[in-house]
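Worksheet for the structure shown next.
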Amino acid sequence: MTRLPSPPWLTAPATVAVLDALEAVGGADCARFVGGAVRNALMDRPVDDIDIATTLTPDQVVAALKAAGLKSVPTGIEHGTVTAISGRQPFEITTLRRDVSTDGRRATVAFTDNWKEDAERRDFRLNALYANREGEVFDPVGGGIEDCEFGRIIFVGDPEARIREDYLRILRFFRFFAWYGRGDADGPALAACAKLKDGIKQLSSERITKEVLKLFAAPDPRPSLRLATRCGVATEVLPGPLNRNRYFSLIGLQDEPDALLRLSAVLPDDAAGRVHATSRLRLSNAETARIMSVLDTSAEVRLDLPHREARAAIYRLGAAVFKDRVYLRWAEQPDHSEAARALVALAGTWTPPKFPVGGKEAIDAGLSGPAVGQALRAVEDWWVAQDFPASGALERLHQMAIGQGA
């Protein structure tokens, strides 16, 4: 018998309250932890979300939570999912299901009370694991516990059948391999992904983008991306020529994974190429703006910048954009690590001072109309070029006003 290694969430009051509420209606063992929480606990990884599978119907779940004084949110009730709020923490509770029909993007499901039927509709064996409140682990389809131990990403049953149910599982395979895989990837899984990769075209841009960013956020997604490229999957998601060398180099430089910066690094430098490469993605306005700022060459950031010029660039660009561009240049010039680290450290420790004069001072100096903005811009340029002196800006402003006959 395999048991979870006593993770703190298993016996936390918020967790116990949810299980007590469900078992008060459905009896002992009507609810089990499932998926990521069980997998990550077995693999000694952090657990972010706690999902629960239950034999209770959604209506019974809602009633059970209400009777226990817990809030419920019908987050996906048509698919059997209710979110419980306990101790300000969400618990996603889903009724056991079996697929009635699938079309490669979504499934029509029917509720069941059979744990193996529920497990058989899941994607990978290490995601088809359940655990009761005592921590006992159940592996209905077999192989999932061993997959956690050895870092294997293997589809439940026939890989092609699982992929045809939802083509997003191709991308999920490479994402899970990036996060949890060790050693060689499963051959039948790779063959199925390569054979059925055209099915990715059926997926929405939102779902593709979510998977790509999760893959890029893995500690080291390089082996997975190489596999995806070899299988022809990568070009289904990011078409066109990519900066793979810059991307691979960047991953080795970062202390903390930054999915959006990594996506920026892999994109082509030319604007038309970037649009083509991201045509299958749907990024938010903020994400797009960040990528554009990282790849903008109108204000180049060089690794040989003296700190005085670097401070000017940080002031103009902002510390976050400056650091992004330093990392990109560093990935292109990995031999310049000492200079790059110094610039990253400067951006993290130096706080740009506030420009000491403004519209009031300009008007007090006798300026008016467009001359106010022109003078302030000129004084600011001087102030930045002088490396942000604590004094002198107001005098400079008055000199300009006198020169303009104010």
Side-chain angles (χ1 to χ4, degrees), residues 1-99 109-142 144-145 147-149 156 180:
M1 178 189 299
T2 300
R3 288 187 176 275
L4 298 183
S6 301
W9 55 263
L10 187 67
T11 55
T15 307
V16 171
V18 173
L19 291 184
D20 285 348
L22 298 175
E23 291 185 354
V25 172
D29 205 33
C30 74
R32 296 175 182 174
F33 304 103
V34 65
V38 181
R39 176 198 67 227
N40 283 22
L42 287 175
M43 300 183 79
D44 195 25
R45 302 287 188 94
V47 172
D48 298 321
D49 302 309
I50 302 175
D51 295 339
I52 297 172
T54 181
T55 56
L56 299 178
T57 65
D59 289 343
Q60 289 176 313
V61 170
V62 171
L65 295 173
K66 182 178 180 180
L70 298 175
K71 180 181 178 181
S72 65
V73 182
T75 45
I77 201 161
E78 68 277 9
H79 299 295
T81 300
V82 175
T83 298
I85 307 298
S86 178
R88 298 185 178 181
Q89 181 180 352
F91 294 80
E92 194 170 271
I93 305 169
T94 302
T95 302
L96 301 186
R97 300 173 293 180
R98 58 181 176 84
D99 288 341
V109 300
F111 300 140
T112 180
D113 59 2
N114 187 305
W115 294 94
K116 190 169 188 294
E117 281 188 330
D118 187 75
E120 287 173 341
R121 69 176 300 276
R122 296 181 180 271
D123 49 10
F124 309 116
R125 299 190 315 195
L126 82 175
N127 287 340
L129 298 173
Y130 306 78
N132 61 20
R133 66 191 307 163
E134 286 76 34
E136 181 182 356
V137 179
F138 301 87
D139 188 358
V141 298
I145 295 173
D147 290 350
C148 288
E149 180 181 357
V156 172
Y180 302 106

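Computed from a predicted model, the values in this text were never measured in an experiment.
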Find the distance between [atom1] ([X]) and [atom2] ([Y]) and round it off to the nearest 0.5 Å.
X: Trp115; Y: Tyr130; atom1: CH2; atom2: OH; value: 7.0 Å
X: Glu136; Y: Met1; atom1: CD; atom2: CE; value: 4.0 Å
X: His79; Y: Thr94; atom1: NE2; atom2: OG1; value: 10.5 Å
X: Glu117; Y: Arg97; atom1: CD; atom2: CZ; value: 13.0 Å
X: Leu19; Y: Asn132; atom1: CG; atom2: CG; value: 9.5 Å
X: Ile93; Y: Thr81; atom1: CD1; atom2: OG1; value: 9.5 Å

Test log, rule side chain to side chain contact (heavy atoms under 4.5 Å, CB included), inputs Arg3 and Glu134
CA-CA 8 Å; Arg3 288 187 176 275; Glu134 286 76 34; 3.7 Å; yes
If the condition is salt bridge (Lys or Arg N to Asp or Glu O under 4.0 Å), which residues does Asp123 pass it with, not counting sequence neighbours?
Arg172
For Arg122, enumerate each residue passing the salt bridge (Lys or Arg N to Asp or Glu O under 4.0 Å) test, keeping only those at least two apart in sequence or located in another chain.
Asp118
Going by side-chain contact (heavy atoms from CB on, under 4.5 Å), name the residues that satisfy it together with [X], two or more places apart in sequence or in a different chain.
X: Ala24; result: none
X: Thr15; result: Ala12, Phe33, Ile50, Phe91
X: Val141; result: Ala119, Glu120, Arg125, Ala128, Asp139, Val156
X: Lys66; result: none

Mark yes or no for whether Thr54, through its side chain, and Ala31, through its backbone, hold a donor-acceptor pair below 3.5 Å.
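Not confirmed, Thr54 side chain does not pair with Ala31 backbone.
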Considering all heavy atoms of both residues, which atom of [X] and which atom of [Y] are nearest to each other, and what is their separation?
X: Leu96; Y: Ala53; value: CD2-CB, 3.7 Å
X: Ala21; Y: Leu70; value: CB-CD1, 4.3 Å
X: Val18; Y: Ala84; value: CG2-CB, 4.4 Å
X: Leu56; Y: Thr95; value: O-OG1, 2.7 Å
X: Cys148; Y: Leu126; value: SG-CB, 3.8 Å
X: Asn40; Y: Pro46; value: ND2-O, 2.7 Å

Applying salt bridge (charged side-chain N to carboxylate O under 4.0 Å, His left out) as the test, list every pair that has at least one member in residues 18-38; sequence neighbours left out.
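Sorted result for residues 18-38: Asp20-Arg133, Glu23-Arg133, Asp29-Arg32.
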Keeping to residues at least two apart or across chains, list the ring-ring contact (aromatic ring centres under 6.0 Å, His included) pairs with something in residues 46-66.
none
Can you pull the ring-ring contact (aromatic ring centres under 6.0 Å, His included) pairs that have at least one residue in residues 36-58, sequence neighbours excluded?
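Of all non-adjacent pairs touching residues 36-58, none passes ring-ring contact (aromatic ring centres under 6.0 Å, His included).
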Mind checking what makes side chain to side chain donor-acceptor pair (under 3.5 Å) contact with Lys71, not counting sequence neighbours?
none
Side chain to side chain donor-acceptor pair (under 3.5 Å) partners of Thr83, counting only residues at least two apart
Thr75
Going by side chain to side chain contact (heavy atoms under 4.5 Å, CB included), Val61 matches just one of Asp59, Leu65, Thr57. Which one?
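Among the candidates, only Leu65 passes.
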List for me each residue that meets ring pair (Phe, Tyr, Trp, His ring centres under 6.0 Å) alongside Tyr180, sequence neighbours excluded, and say none if there are none.
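Only Phe176 meet the ring pair (Phe, Tyr, Trp, His ring centres under 6.0 Å) criterion with Tyr180.
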Less than 4.5 Å apart, side chain to side chain, heavy atoms only: is that true for Pro90 and Ile85?
yes
